[in-house]
Amino acid sequence: MNANNSIKLLYFASLGEQLGLSEEAFPLTQACSVQQLCEQLSERGPQWKELLGATKIKCAVNHTISNQQQQIKPNDEVAFFPPVTGG
């Protein structure tokens, strides 16, 4: 896989623990939205669908908190993390 045709995905905290993965390179040859990326990742199985489909899941694109409509292009970094809980 050419590094120019991929994005870096990061999975933080309990999300990474549940998926058993903290980071990966993901092939992406053309721009898509965060929502479209989540849909692609959800095809990996029910656990992925449940975790990435959660409305409280947070996402950052290139270190900026983003919404589901944020566009992603090759070479971007996308981080997913669960909401912070306080006590």
Side-chain angles (χ1 to χ4, degrees):
M1 171 174 25
N2 184 336
N4 293 329
N5 293 330
S6 66
I7 56 176
K8 183 177 183 178
L9 299 180
L10 302 170
Y11 307 98
F12 287 104
S14 62
L15 184 62
E17 293 169 9
Q18 293 178 59
L19 294 173
L21 187 64
S22 61
E23 68 177 79
E24 67 176 312
F26 185 82
L28 185 74
T29 55
Q30 62 183 356
C32 72
S33 68
V34 168
Q35 181 177 358
Q36 291 169 321
L37 174 63
C38 288
E39 290 169 359
Q40 290 181 49
L41 293 171
S42 292
E43 293 175 2
R44 290 177 169 177
Q47 184 177 26
W48 286 83
K49 186 174 184 175
E50 177 184 343
L51 293 171
L52 295 178
T55 57
K56 294 181 179 180
I57 198 81
K58 301 294 182 191
C59 178
V61 176
N62 298 325
H63 306 272
T64 301
I65 299 296
S66 303
N67 61 32
Q68 294 287 307
Q69 288 71 45
Q70 173 69 43
Q71 290 293 299
I72 304 165
K73 60 187 182 315
N75 296 314
D76 281 350
E77 178 183 276
V78 181
F80 294 103
F81 47 96
V84 176
T85 59

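Looking only at distances, no side-chain donor or acceptor of Thr29 sits under 3.5 Å from a matching main-chain atom of Pro27.
In this structure, the separation between CG on Asn5 and CD on Gln30 is 11.0 Å, given to the nearest 0.5 Å. Taken from CD in Gln35 to OG in Ser42, the straight-line distance is 10.0 Å, to the nearest 0.5 Å. Taking CG of Asn67 as the reference point, atom NZ of Lys58 lies at 11.0 Å (rounded to 0.5 Å). The CD1 atom of Ile57 sits 10.5 Å away from the CD atom of Glu50 when rounded to the nearest 0.5 Å. Between atom CD of residue Glu39 and atom NZ of residue Lys49 there is a gap of 9.5 Å, rounded to the nearest 0.5 Å. Rounding to the nearest 0.5 angstrom, the gap separating the CD atom in Glu17 from the OG atom in Ser22 is 10.5 Å.
Residues Leu28 and Leu10 are members of separate hydrophobic clusters, defined by side-chain heavy-atom contacts under 4.5 angstrom among Ile, Leu, Val, Met, Phe, Trp and Tyr.
The aromatic rings of Phe12 and Phe81 sit perpendicular to each other, their planes meeting at more than 60°, with 30° as the lower class boundary.
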Problem - Verdict with supporting geometry, Val34 and Ile72, side chain to side chain contact (heavy atoms under 4.5 Å, CB included) - result: CA-CA 7 Å; Val34 168; Ile72 304 165; 3.8 Å; yes
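Closest approach of Ile7 and Lys73 over heavy atoms only: CG2-O, 3.4 Å. Of all heavy-atom pairs between Glu24 and Trp48, the closest is OE2-CH2, 4.1 Å. The two atoms that bring Gln68 and Ser33 nearest to each other are O-CB, 3.6 Å, heavy atoms only. Between Leu37 and Leu9, the shortest heavy-atom distance links the atoms CD2-CD2, 3.8 Å. The shortest heavy-atom contact between Pro82 and Ser14 is CG-OG, 3.4 Å. Considering all non-hydrogen atoms of both residues, Gln71 and Ala31 come closest at OE1-CB, 4.1 Å.
The side-chain heavy atoms of Phe80 and Leu19, taken from C-beta on, include no pair separated by under 4.5 Å. Using a 4.5 Å heavy-atom threshold, the side chains of Phe26 and Ser6 count as separate.
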